[in-house]
Amino acid sequence: MLEKRYEPKDIEKKWYDFWIEKNYFKAEEESEKPPYCIVIPPPNVTGSLHIGHALDITLQDIMIRWKRMSGFNTLWLPGTDHAGIATQNVVEKELQKQGTDRHVLGREKFIEKVWEWKRLYGGTIINQLKNMGASCDWSRERFTLDEGLSRAVKEVFVRLYEEGLIYRGEYLINWCPRCHTALSDLEVEHEDQQGKLYYIKYSFADGDGYITVATTRPETYLGDTAVAVNPEDERYKDLIGKKIRLPMINREIPIIADEFVDASFGTGAVKVTPAHDHNDFEMGRRHNLQFINILTGDGRMSDEAGPYKGQDRFECRKNILKDMEAIGHLEKVADHKLAIGHCYRCKTIVEPYLSKQWFVKIKPLADEAIKAVKEERITIIPSGWENSYYDWMENIRDWCISRQIWWGHRIPVWYCKDCAEIIVSRETPSACKCGSKELLQDEDVLDTWFSSALWPFSTLGWPDNTGDLKTFYPTSVLITGFDILFFWVARMIMMGLKFREQEPFRHVYIHALIRDAEGQKMSKSKGNVVDPLKMTELYGTDAFRFTLAAYAAQGRDIKFSEHRVEGYRHFLNKIWNVARFISMNVQEGEELTLAIKVKNLSLADRWILSRLSAVCLDVNKLLDEYRFNDAAGSLYQFIWHELCDWYIEMIKPELYGDNLESKSAAVSTLVHVFEVSLALLHPFMPFITEEIWQQLPCKKDAESLCIRQYPTRDEGIEDNGAEEKIAIVMDAVTAIRNIRGELNLSPSLELQALIKASNNIENVLNENMAYIQKLARARNVEIGKDIQQPKSAAAAVKPSMEIFVPLEGLFDIDAEIARLTKEKGKIEEEIQFVQKKLSNENFISKAPPAVVEENKTKYNEYMDKLKTLQDNIEKLNQWRMSDD
RNA sequence: GGGCGGAUAGCUCAGUUGGGAGAGCACAGCCCUUACAAGGCUGGGGUCACAGGUUCGAGCCCUGUUCCGCCUACCA
């Protein structure tokens, strides 16, 4: 006998261990079965599970478990990402606590420290994935700094270099002064802020007069090497070529003309700082201007800053404004909105910074990646993201891949000290071709996303041509949040196409971001983070997973509310109680066969089996379309409202009765439907389903639900006739319940019912009298076409039947008249609406005939109902008069 | 600046080729009916943001407007 309530804790661990022990999650390198593969979006090794992961994991596990049960050779490949900057930051903070830093330690020692840290804490998130029930193949777990993956990284780097798709150059890049490294464009988060626009006077070198420029960053004037105006701007035409003398530092710079300058902005004259602004950089190149770097790597003013040398960049800004004002060069200050770039790891304001970096020439790769989606070799779901994808891909700029940190894949490039030769090599070279052994490896490491871009094939063994690679590449689907569509998904597509000449996955399913109940982005600083571990602790993993699936409607953010988890825990409890109910109705030791003995089945049995088939069809179809919420909803609706509310109630008389044959038919149908339901549910809630399934008193064709065949539609048990008949029974039952509810009659009160119905309806009702008696708690149900409306009876009108509930002493004739009148009012509105349509000639002539016909039928039905209601009311009125 | 999405019941949201709007939760009433009170039955509740347009017919398609959110961008 099962416990009264479902207690998830022990059960979850028990079954997870069992699955692992049985190796169910292990994929086959070669197999007769069709392959199905998902590579996990590798979480940061420093990370711990947040709710976004939980959603991601749940959806992937649903797909994987569904496909595994459906007979696929499934591989869900797990792993973690070394997360260069993030991880380095974490370990650096540790060192700081110990009163030291990485420079004291030196590069090698520091990297050792990080590995040590990884060994100690890197398993955290992996364990948390297991807690979520993730059915990954742990024997294939990878890490982006694994030896194999590192080999892949070198291979890709060298080949791209050899093809001229990787180059080194001195450009303006995004620089984080705190992390002390370059960032790619994507790693900069822009945030709109209210800033100031400063108008500053620049005096001419040759005597009187000045030109005013507008700037948001006055401190950069220290690096100005020109002032630019639009060549067509009449105000300044004569000034082109004139020299300006910069205040304080007395540098002479020219006024130049450039098309780029927007005459309508600010004063129409712009200061040009080629080493500190992207536009100015371009202008600097066009006009051969001097590039003066006024900053150091940690965001202070460099030697070039003269008197301001050593000051912090923001302190310097204040000082310069003060000084400008003192000499009367600050003309005015205006409010100005602008977007400021912040480091995505530490939120420090980044600087455009001139330095030598490595880049990937991205256009040729992007073109192929665009084509793959255009040609539908890759489908993005929901398709709304395609536009964003194209937009980004079409305007993509070269990718800065070098990072000035230590934790990561060191760039496989060596410089010869003696002849300045650059050696790019898969292996560490021993000597330069000039004979020198004085080789220095590039100090930088690669962007973490460079290695994760290779994930779908590097994890499968590439560059070796492994069995896994042959079997599982291209992978089937990538499931992830839209926040890394560009960071990761797009780059995987580019790299996959480049190095495997095949797209890395067929489908990309992009899921929403989870926000809090107010729609705010969750963040630690806001303190509105929902901890998934707490959810599983409180409600059980299954309830949490089911909630996430039920939330996962396409194309919309999720506003997460704990209430909903609570609601689905109730659903779990409901399922648990079905199991209890079954165990109470099966003899000890009795083992039911799943085979349904067709001829003994009752109407209810045939109906629920028919519905079951429909649900199987539905769930498979919905999962196929990644409609997780609809699939979850369909199961919820079926199990709770059809199986529990109707079917189980319908068969109770059989179960408690003496007819062994019909009892056995009912029990075996119930167990069969429930067994299939558990299988359908298993991908959504693996633990409870396995726990119950293992205990079900029936023969099973697998030793675990994990590997039971996923249920599919069974046309043989579909039965339209049964569904129609049950609909009639339900109509009658609902009508009687209706009367009971609306007249506030106690559920314990047994009612009498008279049902007026003709011919075949009459037969259906008569055959199924027992259901009506049970479900409506009615006794003495009389059915016939000649039933007369009795006095003191409440009435209900349904299509093709009329129901009377005699109430004798309990009857309140006025209340009943009011009730029927309300009903009549509703039906009159309906009639009016349909009538309006039908009297519209255009509707009759232009609408499809089927629609017109449908409306006519409705009209007739409504009119019948109206007439019956009117008759009933009339009679009640007459009786009332005569009673008075 | 460009782009995308959202606005539907008190709340959270479904609504897949346009044919009189649904669910869950919440709320109200009656019930401890032997699986389940984490339950059962019943009920109330919506100008589908606003204004136009197309159509016999619009929550759905088109145009515009207002609010909200997001992505993206080198107007200093």
Side-chain angles (χ1 to χ4, degrees), chain A residues 2 4-6 172 185 190 197 213-217 220 228 260-262 264-273 277-282 336 338-339 352 384-385 387-388 391-392 395 397 482-483 485-486 513 515 517 519-521 550-551 553 555-561 563-564 566-585 625 627 629-630 633 636-637 644-645 648-649 652 656 734 737-749 774-777 829-830 833-834 836-837 840-848 850-852 854-855 858:
Chain A
L2 297 163
K4 188 149 187 193
R5 289 182 179 198
Y6 173 58
L172 265 199
D185 295 340
H190 293 275
L197 189 59
V213 298
T215 179
T216 54
R217 306 188 55 202
T220 60
F260 167 79
V261 181
D262 177 358
S264 66
F265 186 88
T267 60
V270 58
K271 58 194 265 328
V272 184
T273 322
D277 179 278
H278 289 101
N279 295 315
D280 295 2
F281 179 82
E282 298 299 329
H336 181 65
L338 71 167
W385 290 106
N387 279 337
S388 304
D391 188 54
W392 189 68
N395 298 303
R397 301 199 307 174
F482 65 81
D483 48 332
L485 179 61
F486 306 137
L513 206 71
R515 300 168 180 284
Q520 297 281 311
K521 214 165 170 172
Y551 257 126
R556 202 195 262 247
D557 282 352
I558 296 170
K559 285 192 214 166
F560 189 85
S561 156
H563 291 292
R564 210 151 157 194
E566 207 180 332
Y568 287 118
R569 182 182 58 177
H570 297 174
F571 180 44
L572 278 262
N573 197 53
K574 192 79 180 174
I575 293 165
W576 187 252
N577 274 294
V578 176
R580 272 165 48 82
F581 180 74
I582 287 172
S583 70
M584 286 170 177
N585 285 286
E625 294 167 358
R627 302 173 67 91
N629 62 324
D630 290 328
Y636 182 96
Q637 167 70 25
C644 293
D645 288 349
I648 288 181
E649 294 307 318
K652 276 181 180 173
Y656 302 148
T734 307
R737 285 175 172 176
N738 222 308
I739 288 167
R740 188 192 292 278
E742 291 198 353
L743 296 182
N744 258 342
L745 303 170
S746 163
S748 57
L749 182 70
K774 163 74 175 106
L775 299 172
R777 205 168 175 81
E829 273 177 38
E830 312 254 3
F833 195 87
V834 181
K836 203 173 118 198
K837 262 189 177 179
N840 181 344
E841 267 178 48
N842 282 323
F843 176 73
I844 304 289
S845 59
K846 289 184 180 167
V851 174
V852 176
E854 200 182 300
N855 276 276
K858 252 189 215 164

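Labels below follow one simple rule: chain letters A, B, ... track the order of the sequence lines, proteins then strands, and each chain is numbered from 1.
Residue-level contact check: Ala553(A) touches the backbone only, with heavy atoms under 4.0 Å from sugar-phosphate atoms and none from bases. At the heavy-atom level, Ser746(A) lies under 4.0 Å from the strands shown only through sugar-phosphate atoms. Nucleic acid contact class of Val834(A) (heavy atoms, under 4.0 Å, all strands): base. As judged by a 4.0 angstrom heavy-atom cut-off over every strand, Glu625(A) is placed among residues making no nucleic acid contact. Residue Val272(A) is out of contact with every strand shown, counting any heavy-atom pair closer than 4.0 Å. Residue Pro848(A) is classed as a base contact, given a heavy-atom separation below 4.0 Å to a base. In this structure, Ala269(A) reaches neither bases nor backbone, as no heavy-atom distance under 4.0 Å exists between it and the strands shown.
Regarding Glu566(A), its CD atom lies at a distance of 11 Å from the P atom of C25(B), rounded to whole Å. For the pair Ile558(A) CD1 and C11(B) P, the computed distance is 20 Å after rounding to whole Å. Put simply, NZ on Lys837(A) is 10 Å from P on G19(B), counting in whole angstrom units. If you take CD of Gln637(A) and P of A14(B), they are 18 Å apart, rounded to a whole angstrom. Atom CZ of Phe843(A) and atom P of U55(B) are 17 Å apart (whole Å). Between the CG atom of Asn744(A) and the P atom of C30(B) there is a distance of 6 Å, rounded to whole Å. Spacing between atom CZ of Phe482(A) and atom P of G3(B) amounts to 19 Å, rounded to whole angstrom units. For Leu513(A) and C70(B), the CG to C1' distance is 9 Å, given to the nearest whole Å.
Across C50(B) and C31(B), the matching C1' atoms stand 46 Å from one another, rounded to whole Å. As rounded to the nearest Å, G40(B) and A26(B) have P atoms that lie 12 Å from one another. Across the P atoms, G43(B) and A7(B) are found 29 Å apart, a figure rounded to whole Å. Rounded to whole Å, the separation between the C1' atoms of A9(B) and G46(B) comes to 5 Å. Nucleotides C68(B) and G53(B), compared at atom P, are 28 Å apart to the nearest Å. Comparing the same atom, P, in G44(B) and in G10(B) gives a spacing of 15 Å after rounding to whole Å. U54(B) and U16(B): their C1' atoms are spaced 22 Å apart (whole Å). G64(B) and G20(B) have their P atoms separated by 30 Å, with the value rounded to a whole Å.
Where Arg564(A) and Lys858(A) meet RNA chain B, the nucleotide closest to each residue was compared, and Arg564(A) sits on the side nearer the 5' end. Both Glu830(A) and Lys271(A) sit near RNA chain B, but only Glu830(A) has its closest nucleotide nearer the 5' end.
Judged by distance alone, with hydrogens and angles left aside, the side-chain atoms of Tyr551(A) form a donor-acceptor pair with the main-chain N or O of Ser561(A) at under 3.5 Å.
Taking 4.5 Å as the limit, some side-chain heavy atom of Phe571(A) sits within range of a side-chain heavy atom of Ile575(A). Proximity of His570(A) to Lys574(A): side-chain heavy atoms (C-beta onward) are nowhere separated by under 4.5 Å.
For the salt bridge (charged side-chain N to carboxylate O under 4.0 Å, His left out) test, residues two or more places apart in sequence or in another chain that qualify with Asp185(A) are Arg397(A). Residues satisfying the side chain to side chain contact (heavy atoms under 4.5 Å, CB included) criterion with Lys652(A), sequence neighbours excluded, are Phe581(A), Ile648(A), Glu649(A), Tyr656(A), Lys774(A). Partners of Arg627(A) under the salt bridge (charged side-chain N to carboxylate O under 4.0 Å, His left out) rule, at least two apart in sequence or in another chain, are Asp630(A). Evaluation of the side chain to side chain contact (heavy atoms under 4.5 Å, CB included) rule for Ala550(A) yields Arg564(A), Tyr568(A), Ala632(A) as partners, not counting sequence neighbours. Partners of His336(A) according to the ring pair (Phe, Tyr, Trp, His ring centres under 6.0 Å) rule, which considers only residues two or more places apart in sequence or in another chain, are Phe265(A). For Asn855(A), the side chain to side chain contact (heavy atoms under 4.5 Å, CB included) test picks out Val834(A), Lys837(A), Leu838(A), Phe843(A), Val851(A), with sequence neighbours left out. Partners of Ala553(A) under the side chain to side chain contact (heavy atoms under 4.5 Å, CB included) rule, at least two apart in sequence or in another chain, are Asn629(A).
Looking at the side chain of Thr215(A), the nearest of the listed nucleotides C70(B), A76(B), G20(B) is A76(B). Across C56(B), U16(B), A76(B), the shortest atom-to-atom separation from the side chain of Arg627(A) is found for U16(B).
In this structure, Glu829(A) places its CD atom where only 12 or fewer heavy-atom neighbours from other residues, nucleotides or ligands lie under 6.0 Å away.
Listed pair His336(A) / A76(B) meets the phosphate criterion, a side-chain N or O lying under 4.0 Å from OP1 or OP2.
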Check: Step by step, would you call Leu775(A) with Arg737(A) a side-chain contact (heavy atoms from CB on, under 4.5 Å)?
Finding: CA-CA 9 Å; Leu775(A) 299 172; Arg737(A) 285 175 172 176; 4.0 Å; yes

Item checked: Annotated protein contacts, base or backbone, on nucleotides 33-42 of chain B with a non-hydrogen cut-off under 4.0 Å, one of B, S, - each -> B-BBSBSBSS

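The side-chain ring of Phe833(A) is stacked on the base of G20(B), judged by centre separation under 5.5 angstrom and plane angle under 30 degrees.
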Checklist line | Per-nucleotide pairing state of RNA chain B [Watson-Crick or G-U, under 3.5 Å; [ ] pseudoknot-crossing; | other strand] | finding: (((((((..((((.....[..)))).(((((.......))))).....(((((..]....))))))))))))....

